Amino acid sequence: GYIGIDGGSTSSKLVILDESGTLIYKDYILSKGNPIIDIREMFQRIENWISSQGIQFEVGGASATGYAASILSEAFCLDLTVVETVAHMKSAVAYYGNVDIICDIGGQDIKVLFMKHNRVVDFNLNTQCSAGNGYFLQNMAEQFGIPIEQYADHAFNAQKAPAFNYGCAVFMEQDKVHFQQLGFTKEEIMAGLALVLPLNIWNYVVQETNIARLGRRILLQGGTQKNLAAVKAQVDFIKSRVPDAEINVHKYADISGAIGAALEVRERQHEQTSRFIGINEAARLVFESYNDESTRCRFCSNRCPRTFIDIHISRDKTVRYISGYGCEKGMVDNIDEMRSQQAQ
């Protein structure tokens, strides 16, 4: 089988596809703040799954996509890292064929892909502000003491909703306080927050009022699409502008990126031997992280703070991953490597 991992900003996802590309295992957890810990825990659960099923499992290939793809590739010796747009395109085409638009709403970003003949021809991406995205809605629900899984139940109880400004989380926070002072209930405010999501997508990110010009076959995916209040707001908005639009929510909306990563490595590996460290080893991966004055970059006057993560692949092999650097000079930890990096 083939393993696909999506190391997102607020959650981690892992799937296994069999040789035919059929999904046989999936896992999804909200991030604990360290993607290595998240994925290590997932491999521990895979160990239990294999044991309980009484099967033998051979990894034909393993890959990752998402914010944490590079560090996960180093830590677990993955075969491939996949660009997020490619991963989401692969998953969409595999399950829904020739779509025109893929709208992926994650925890911290919005990705809108424009398709022709099963290929991405253009895309818009917002990573500057999380207003209206998954993490923002989750945070708002937590402020009201409501589990994110119950968000839609509360929002659907509202008979009216206040009109939030779109495009900026700071302004939306201010709007929320203002609407509370005006006497709007938490259900009404949550409904208003869901309704602002399509404005954020089409007016702020895509900046296109004539959606019909972009196509009529639209696929919604990403973890935020598990929130039915967010889905209804998007569907109503699109239908009001493209009445004959064909809108689908990906059947595996929350793990679509991981599925795309697995599909990509399945295509590319063929008969090659995977360099993946193995499920048992992955479930027991040992690493240490450092963030102090000794890890600060000294190769220029900016002196960026950095984090060193030493990953113990085996008894005699340790890989160092560096994060937090502000430029390419900080990608290495000694002067000779820095000079070599610049020479390339």
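Everything numeric here is computed off the predicted structure, so don't read it as measured data.
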Should F76 and L285 count as side-chain neighbours, where that means a heavy-atom distance under 4.5 Å? yes
Under 4.5 Å between any side-chain heavy atoms of N248 and L220, yes or no? no
Closer than 4.0 angstrom, basic N to acidic O: yes or no for R45 and D27? yes
Do the side-chain N and O atoms of K13 and S11 include a donor-acceptor pair separated by under 3.5 angstrom? yes
SB check R266 E19 (cutoff 4.0 Å): no
Can you classify the ring geometry of F179 versus F164 as parallel (below 30°), tilted (30 to 60°) or perpendicular (above 60°)? perpendicular
Test item: I255 and L23 side chains (from C-beta on) under 4.5 Å apart, heavy atoms: yes
Below 4.5 Å, heavy atoms only, C-beta onward: do N280 and E47 meet side chain to side chain? yes
Non-hydrogen side-chain atoms of I279 and I50 separated by less than 4.5 Å: yes
Determine, for K160 against E187, whether the closest basic-nitrogen to carboxylate-oxygen distance falls under 4.0 angstrom. no
Do the non-hydrogen side-chain atoms of I55 and W49 ever get within less than 4.5 Å of each other? yes
Given K176 and Q143, is the side-chain hydrogen bond (donor to acceptor under 3.5 Å, both in side chains) satisfied, shown in steps? CA-CA 11 Å; K176 187 204 78 167; Q143 288 183 30; 2.3 Å; yes
So, D38 and R40, do they make that salt bridge, N to O below 4.0 Å? no
Ionic contact status for R216 with D244, cut-off 4.0 Å: yes
Start with the C-alpha distance between Y290 and E288, add both sets of side-chain angles, then the distance that settles side-chain hydrogen bond (donor to acceptor under 3.5 Å, both in side chains), and finish with yes or no. CA-CA 7 Å; Y290 312 87; E288 299 165 321; 2.9 Å; yes
Tell me whether the guanidinium CZ or amine NZ of R306 lies under 6.0 angstrom from the six-membered ring centre of F308 and within 45° of its axis. no
